[in-house]
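Just so you know, these numbers use all the heavy atoms, side chains as well, and skip hydrogens, waters and symmetry mates. Residue numbers run from 1 in the order of the sequence given.
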Amino acid sequence: MRGSRRPSSTATSGISTSPVSIAATWSRSLGRASAGQRGSATPPIWSAICGGAHHEQPRLLAAGEWRATAPGDGRTARFHLSSLYSPWETWAEIAQEHARVRKDPARLQVWVNTKLGEPWEDQVGDTVPADPLMARREDWGSNLAPGVAVLTAGVDVQGDRIEVQIVGWGRDEEAWVIDYRVLWGDPSGPRLWSDLDGVLNGTWGELPVRATAIDTGGHHTKMAYEFCRTRLARRIWAIKGRGGPGIPVWPRRTTRINKGKIPLFIIGVDTVKDAVYARPKLSEPGPGAIHFPRRLDADYFRQLTAERVVTRFECGRPIRSWQPKRDGERNEALDTFVYAHAALHGLISELLPDPWTVFGDI
């Protein structure tokens, strides 16, 4: 229907359905037409089934049928219907409106949301390419780079491994990626956690890790809770990420409403990602800049840049969220950097008002 909004394709509470006959979408239909075809009275639409071009909009819409495209609970149905199926608006009118707004991001966003019923991908630089970051790798030798005053760690627990990122921080949150480790093993047993403890007990250029944030919201939550419980004095903190606007990087207080009954810190992952994705644009050393060592490979940078901002509308309100660029994209390098950044804020919250005097001269 005209002005409809697209339901969540990942929801499992109901069946998500789309009308099928020609499976009309912009990318396979009018978006594929030439400028002359879009301006005609009956621009074509291409079939996903036969690959042919069709011009008879009323006949095709009348022959359409609803088919489920996602699993659900068998009781609740969800529907997605773009304006391409509207009997009150022609494909020519939709195409002509697209031609008028396509170079204006603000108006194009409204068109994508209301005509296609699809989320809008922000076009303001929130999607960061990997190659330029990889090209900026530096050599600072075996010692810490000048300017590093404190180290924090971010830890992500997967089904068959634990990934750890060590980040060095200078004044005004200038950052240096110091180390990245993938510890393979079974997180349900003690050996892998002992390996992690060894990493976090290490030193880099005589600096220890001053704070660590371990994500407990995914795999092996109970083991993560137990690991953190006995290491709170070392500032090894259990965290859980929460998306959405206005959530601070580090909370003012913890919650103990969890199965481990331990202090759990809820961090604003979207707030951190907004900052992280803005900072690679800073190509010169200084406040907020991120430095990468030469030894990091292409996979690290693909993971670091694996997400993008998508804006959807709910009840007329824009809702921004970070989503994978592609389904199944790995993002552990991004997540662990986010957690290390959150750990820095947790450390600063303990050392106010001037933590840098505690960290040392820079």
Query - Residue pair Ile162 / Asp195, side-chain heavy-atom distance below 4.5 Å - result: no
Requested in this report: May I ask you to test the Val155-Thr336 pair for a side-chain heavy-atom distance under 4.5 Å?
Outcome: no
Query raised in the report: Between Glu97 and Lys115, is there a salt bridge with N-O shorter than 4.0 Å?
Result: yes
Report task. Measure across Tyr339 and Ala213 and return the closest heavy-atom pair with its distance rounded to 0.1 Å. Result -> O-CB, 3.4 Å
Query raised in the report: Would you say Asp299 has more than 12 foreign heavy atoms packed within less than 6.0 Å of its CG?
Result: yes
Query raised in the report: Would you call Lys273 and Asp270 a salt bridge, taking side-chain N to carboxylate O under 4.0 Å as the test?
Result: no
**Report entry** Atom pair OG1 (Thr152) and CZ (Arg210), whose distance is rounded to the nearest 0.5 Å
**Finding:** 11.0 Å
Query raised in the report: Does Arg234 have any side-chain contact (heavy atoms from CB on, under 4.5 Å) partners at least two apart in sequence or in another chain, and if so, which?
Result: Asp197, Leu200, Asn201, Arg231, Ile236
List, one per line, each side-chain donor-acceptor pair under 3.5 Å for residues 243-252, sequence neighbours excluded.
none

Query - SB check Glu163 Arg161 (cutoff 4.0 Å) - result: yes
**Report entry** Listed once per pair and sorted, the ring-ring contact (aromatic ring centres under 6.0 Å, His included) pairs that draw on residues 183-221, sequence neighbours left out
**Finding:** Trp193-Phe227
Query raised in the report: In terms of heavy-atom contacts, does CZ of Arg242 have more than 12 from other residues, nucleotides or ligands at under 6.0 Å?
Result: no
**Report entry** Donor-acceptor contact below 3.5 Å, side chain Glu174 vs main chain Gly286
**Finding:** yes
Query raised in the report: For Ala238 and Cys228, which heavy atoms make the closest approach, and how far apart are they?
Result: N-SG, 3.7 Å
Query raised in the report: Is the gap between the ring centers of Tyr277 and Trp322 under 6.0 Å?
Result: yes
Query raised in the report: Do Leu183 and Val164 come within less than 4.5 Å of each other through their side chains, counting heavy atoms only?
Result: yes
Query raised in the report: Which heavy-atom pair separates Gly217 from Lys240 by the least distance, and what is that distance?
Result: CA-CG, 4.4 Å
Query raised in the report: Would Gln165 and Asp179 count as having a side-chain donor-acceptor pair, cut-off 3.5 Å?
Result: no
Report task. Side-chain contact test, heavy atoms from C-beta onward, threshold under 4.5 Å: evaluate it for Pro293 versus Val177 and give yes or no. Result -> yes
Requested in this report: May I ask you to test the Leu207-Val148 pair for a side-chain heavy-atom distance under 4.5 Å?
Outcome: yes
Query raised in the report: Minimum heavy-atom separation for Gly168 to Ile178, with atom names?
Result: N-CG1, 3.4 Å
**Report entry** Residue pair Ala130 / Phe301: nearest heavy atoms and the distance that separates them
**Finding:** CB-O, 3.6 Å
Report summary line: Output for pair (Asp156 CG, Asn331 CG), nearest 0.5 Å, gives 7.5 Å
Query raised in the report: Under the side-chain contact (heavy atoms from CB on, under 4.5 Å) criterion, do Leu264 and Tyr225 qualify, and how do the steps go?
Result: CA-CA 9 Å; Leu264 180 64; Tyr225 283 158; 4.1 Å; yes
Report summary line: For Ala153 and Ala343, the nearest pair of non-hydrogen atoms, with its separation, is O-CB, 4.0 Å
Query raised in the report: Is Glu329 salt-bridged to Arg302, cutoff N-O under 4.0 Å?
Result: no
Query raised in the report: What distance do Trp176 atom CH2 and Trp140 atom CH2 have between them, rounded to the nearest 0.5 Å?
Result: 8.5 Å
**Report entry** Rounded distance [0.5 Å steps], CG in Leu334 versus OG1 in Thr305
**Finding:** 8.5 Å
Report task. Show the numbers, then the answer: is there a side-chain contact (heavy atoms from CB on, under 4.5 Å) between Phe337 and Ile290? Result -> CA-CA 11 Å; Phe337 191 96; Ile290 303 175; 3.9 Å; yes
Query raised in the report: Does Arg137 reach the main-chain N or O of Met134 with its side chain, forming a donor-acceptor pair under 3.5 Å?
Result: yes
Query raised in the report: Measuring from Thr221:OG1 to Glu226:CD, what's the distance to the nearest 0.5 Å?
Result: 12.0 Å
Query raised in the report: CD1/Ile239 to CD1/Ile267 distance, rounded to the nearest 0.5 angstrom?
Result: 3.5 Å
Report task. Would you mind reporting whether Asp215 and Val157 have side-chain heavy atoms less than 4.5 Å apart? Result -> no
Query raised in the report: When you look at CZ of Arg191, are more than 12 heavy atoms from neighbouring residues, nucleotides or ligands closer to it than 6.0 Å?
Result: no
**Report entry** Side-chain touch Leu344/Glu173, heavy atoms, less than 4.5 angstrom
**Finding:** yes
Query raised in the report: Any side-chain heavy atom of Val338 sitting closer than 4.5 Å to one from His341?
Result: no
Report task. Would you kindly say whether Glu332 and Tyr180 are connected by a side-chain donor-acceptor distance under 3.5 Å? Result -> no
Report task. Show your reasoning for whether side-chain contact (heavy atoms from CB on, under 4.5 Å) applies to Leu347 and Arg235. Result -> CA-CA 8 Å; Leu347 182 59; Arg235 300 189 184 92; 3.6 Å; yes
